[in-house]
Trainee: 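One structure follows; several queries about it will come next.
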Amino acid sequence: MNIFEEYINKITALILKNQKFLKLENLNKFKGIVVESPPSEFNFDLSCNAGLVLGKMNKINPIALANKIKDLILKNLKDFENIEIAGPGFLNLKLTNQSLILNINKILESKETYGKKNSNSTYNIEFVSANPTGPMHVGHCRGAIYGDVLANLLKFNGNKVTKEYYINDFGNQINNFAKSVFLRIREIKYNEKFISKENLYPGEYIIEIAKKIIDSYKSENFNNFDQSLKLVKTESLKHSMNLIKLDLKRLGIEHDNFFSETKLIENKLVDKAMSYLKKNNYVEEGFLEPPKGEIDKNWKKTKRLIFKSTLFGDDTDRAMQKNDGSWTYFANDVGYHMDKVNRNYKYLINVLGADHTGYVKRITAAVSALSKNKTKLNCKVCQLVKLYKNGKPFKMSKRAGDFISAQDLLNEVNKDSIRFMMLNRSNDVELDFDFDKVLEKSKDNPVFYVQYSFARINSLFKTLNKKLNDEIILDSKSFMLNDNEINILRKVFEWPKIIETASSKYEPHKIPYYLYELATLFHSYWSKGNEDQSFKFIENGKIKRIETLAIIVLVATVIQRGMNILGVSLPEKM
RNA sequence: GCGCCCUUAGCUCAGUUGGAUAGAGCAUCGGUUUUCUAAACCGAGGGUCGUAGGUUCGAAUCCUUCAGGGCGCGCCA
């Protein structure tokens, strides 16, 4: 249930029925008319801009029109005890106690599903897809959490979601990775000094992987790289994917499907995609202009297969083949996305890091071409994470191998804080992540703040010897909400709207913001009892007013739903 | 040179299908604990929404200009 939706429907139906009386010729499908919550200083439950919007369309004074609509509503709908015209022509509406009770009961009944925006579509979310040449670093965590929470959110609404990881286990970097492991094996086994070179991976984890391989293959001599390549490669990949999966698990993330680039090629999916695109004249042999950026001495103007991605909004056409005629990384990815398209998802989402911004247009173009514009690929880019420690920037350099891994982070900070903090920003702004702040147990740290409100609620129920899901019966004769309660209730009414915008725009960060605001209202109400005895909830071991209990259960319900979607735990006691 | 993102209080940021007096947290200053968890609460100060135009009853939000910051710009992955 969504109270705003409910009343916009009632009000627009009423206006439609009385179109002639209101002298409205143009309704334009009520575009732009909304019911929302008014700014808190007005002390009303709902606000509607019908007078403003329809007034403009029909050239009628908005305040006069709003007044007429007000009379109509009061005469025909019994839900409101008071309506006022405010500002340039807003209708501010106050619900009767009767309808407040009705709406509270609806939420109490819907509990598990409160806020759900019913939908039954299918989604594929590709996220993380970190190169399997080493463990995840902190930067990967942001996209990982973003993708995971997006999946939770879409699932909450009833969609089928596949969480997918594309393993780039093909190409030069994997060979370099295998070579690094091979040389470390030689170092351990034969005391050959490992000399770090440009294309090799220096990290400590390479040694760990080397040791594991030596243990598992005691009879192997590892004398010749070419001979050992296949073994070392598969084994190294297995171990580093395990490292990544372990990190993901510690973050509370589990993918449904791991898609291997090597298998993609073995199954000739790229060739299939290419022949499809050729048939439609989206790919043909040709020449490209040299790149505009840095000069590349390996660049050659030779004939090769070109994808005409400019037909689908890209800035330039893209090469599908390298100098030696083999497929480019992009061509492989096109093959992969052909497979995704063929799996018939309604929506495809790719979560990318900031360093892949330049990739968005071409892959989006590819999906348009592959699906004849039927499947929409949406690429969401997560901006950089800037690390701080003691308020000072913490630099990472991948080259020297001194980057901060997800493990380092997880060893210092618990998963709940990482998840909440990484989501506490819109994905398209840079995020400052301070190791120290995230460990603080105070209002600075929003995770604790929200968790604490839930712990307080639980402690209250413990004192009352009641359970959160015990039935609550409100008596309409004596029903009365105080200012704190009505403010909390109005916030609770907004929850479905938060879910709706967060999921339709793929902006999960709205959830932590909202939960923080809700927790603030609750803490504020709670603390009132410290200043004024009469605001204590409990007297002689019993709740003073049943309304208070109802409101508090609503808060707990929404916090549970919200934190569940965020994948952050809610201790009952802190 | 081009593309994407960003510019809102001293700091970090919410707020964009155009709406009411632009909001939080931190920091600063002042207050609250015999009684349901002070990991909390209450109060005060703090703004030319980067610049200049435009669209209209109305713009932080839409369009254009310019400036500043970030990321990227391969036939690497």
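These values consider heavy atoms only, across backbone and side chains, with no hydrogens, waters or symmetry-generated copies. Within every chain, numbering begins at 1; the chains are lettered A, B, ... in the order of the sequence lines, protein sequences first and strands thereafter.
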Trainee: Go nucleotide by nucleotide along RNA chain B from the 5' end; which of D428(A) and E531(A) gets its closest nucleotide reached first?
Mentor: D428(A)
Trainee: Within the structure shown, what part of the strands sits under 4.0 Å from A354(A) by heavy-atom distance: base, sugar-phosphate, or nothing?
Mentor: sugar-phosphate
Trainee: Start with the C-alpha gap between E485(A) and R545(A), add the side-chain angles, then the distance that decides, and say whether salt bridge (charged side-chain N to carboxylate O under 4.0 Å, His left out) holds.
Mentor: CA-CA 11 Å; E485(A) 288 161 351; R545(A) 296 169 44 252; 2.9 Å; yes
Trainee: Base, sugar-phosphate or nothing for K56(A)? Non-hydrogen atoms, less than 4.0 Å.
Mentor: base
Trainee: With a non-hydrogen cut-off below 4.0 angstrom, is K505(A) in contact with a base, only sugar-phosphate, or nothing?
Mentor: sugar-phosphate
Trainee: Classify the nucleic acid contact of G529(A) as base, sugar-phosphate or nothing, counting any heavy atom under 4.0 Å across all strands shown.
Mentor: base
Trainee: Side-chain N or O of R456(A) less than 4.0 angstrom from OP1 or OP2 on A38(B)?
Mentor: yes
Trainee: Where are the stems of RNA chain B, defined as at least 3 consecutive Watson-Crick or wobble G-U pairs with both distances under 3.5 Å?
Mentor: B:1-7 with B:67-73, B:10-13 with B:23-26, B:28-32 with B:40-44, B:52-54 with B:62-64
Trainee: With a non-hydrogen cut-off below 4.0 angstrom, is E517(A) in contact with a base, only sugar-phosphate, or nothing?
Mentor: nothing
Trainee: Identify whether any heavy atom of K536(A) sits under 4.0 Å from a base atom; if not, whether one sits that close to sugar-phosphate; answer base, sugar-phosphate or nothing.
Mentor: base
Trainee: Taking OP1 and OP2 of G72(B), is either one under 4.0 Å from a side-chain nitrogen or oxygen of K361(A)?
Mentor: no
Trainee: For L384(A), report the nucleic acid contact type (base, sugar-phosphate, nothing); a contact means any heavy atom under 4.0 Å.
Mentor: sugar-phosphate
Trainee: I want to verify a distance call: between G25(B), C71(B), C75(B), whose nearest atom is closest to the Y516(A) side chain?
Mentor: G25(B)
Trainee: For L431(A) and C5(B), give me the distance from atom CG to atom C1', rounded to whole Å.
Mentor: 15 Å
Trainee: In this structure, are over 12 heavy atoms from other groups packed under 6.0 Å from K544(A) atom NZ?
Mentor: yes
Trainee: Look at the side chain of S453(A) against the base of A40(B) and say whether a donor-acceptor pair falls under 3.5 Å; ignore hydrogens and angles.
Mentor: no
Trainee: Tell me which nucleotide among A77(B), A38(B), C75(B) gets nearest to the side chain of Q173(A).
Mentor: A77(B)
Trainee: Check whether any side-chain nitrogen or oxygen of H356(A) sits under 4.0 Å from OP1 or OP2 of C5(B), and answer yes or no.
Mentor: no
Trainee: Heavy atoms only, 4.0 Å cut-off, all strands: where does Y359(A) land among base, sugar-phosphate and nothing?
Mentor: base
Trainee: For I8(A) and U17(B), give me the distance from atom CD1 to atom P, rounded to whole Å.
Mentor: 15 Å
Trainee: Provide, to the nearest angstrom, the distance between the CE atom belonging to M320(A) and the C1' atom belonging to C75(B).
Mentor: 13 Å
Trainee: Please tell me if K542(A) has a side-chain N or O lying less than 4.0 Å from either OP1 or OP2 of C36(B).
Mentor: no
Trainee: For the pair N49(A) (side chain) and L52(A) (backbone), establish whether a donor and an acceptor sit closer than 3.5 Å, ignoring hydrogens and angles.
Mentor: no
Trainee: Please report, rounded to the nearest Å, how far the C1' atom of A40(B) is from the CG atom of L521(A).
Mentor: 14 Å
Trainee: With a 4.0 Å cut-off on heavy atoms, is N92(A) in touch with a base, just the backbone sugar-phosphate, or nothing at all?
Mentor: base
Trainee: Has S524(A) got a side-chain N or O lying under 4.0 Å from the OP1 or OP2 atom of C42(B)?
Mentor: yes
Trainee: Is the distance between the ring centroids of F127(A) and Y146(A) under 6.0 Å?
Mentor: no
Trainee: Does anything in residues 35-43 of chain A reach RNA chain B, meaning a heavy atom under 4.0 Å, and if so which residues?
Mentor: P38(A), P39(A), F42(A)
Trainee: Just how far, in rounded Å, is C1' of G23(B) from CG of L518(A)?
Mentor: 17 Å
Trainee: Please figure out whether K292(A) or R304(A) has its closest RNA chain B nucleotide nearer the 5' end.
Mentor: K292(A)
Trainee: With a 4.0 Å cutoff (strictly under), does any side-chain N or O of W327(A) reach OP1 or OP2 of C75(B)?
Mentor: no
Trainee: If I pick the C1' atom on G3(B) and the same atom on G43(B), what distance separates them, to the nearest angstrom?
Mentor: 49 Å
Trainee: For residues F90(A) and F42(A), establish whether the separation of their ring centroids is below 6.0 Å.
Mentor: no
Trainee: May I ask you to check whether over 12 heavy atoms, not counting those of K497(A), lie within 6.0 Å of atom NZ?
Mentor: yes
Trainee: For N131(A) and A77(B), give me the distance from atom CG to atom P, rounded to whole Å.
Mentor: 11 Å
Trainee: Round to the nearest Å and state the distance from E430(A) atom CD to C13(B) atom P.
Mentor: 8 Å
Trainee: Under 4.0 Å between any heavy atoms, over every strand shown, what does F537(A) touch: base, sugar-phosphate, or nothing? Just pick one.
Mentor: base
Trainee: So for atom CG, which belongs to D532(A), do other residues, nucleotides or ligands contribute more than 12 heavy atoms lying within a distance under 6.0 Å?
Mentor: yes
Trainee: Does a nitrogen or oxygen in the side chain of K322(A) sit under 4.0 Å from OP1 or OP2 of A77(B)?
Mentor: yes
Trainee: Could you tell me whether E494(A) and K491(A) make a salt bridge, using a distance below 4.0 angstrom between a side-chain N and a carboxylate O?
Mentor: yes
Trainee: Quick one: is C41(B) close enough that its OP1 or OP2 comes under 4.0 Å of any side-chain N or O from Y449(A)?
Mentor: yes
Trainee: Can you list, by residue number, the residues of residues 413-425 of chain A that have a non-hydrogen atom closer than 4.0 angstrom to RNA chain B?
Mentor: R425(A)
Trainee: Picking from U12(B), A38(B), C5(B), which would you name as closest to the side chain of D432(A)?
Mentor: U12(B)
Trainee: Have a look at V34(A) and say if it touches a base, only the backbone sugar-phosphate, or nothing, with a 4.0 Å heavy-atom cut-off.
Mentor: base
Trainee: Out of the candidates R425(A), K386(A), R142(A), only one should pair with E430(A) under the salt bridge (charged side-chain N to carboxylate O under 4.0 Å, His left out) rule; please name it.
Mentor: K386(A)
Trainee: Does the distance from a Lys or Arg side-chain N to an Asp or Glu carboxylate O, for K340(A) and E126(A), drop under 4.0 Å?
Mentor: yes
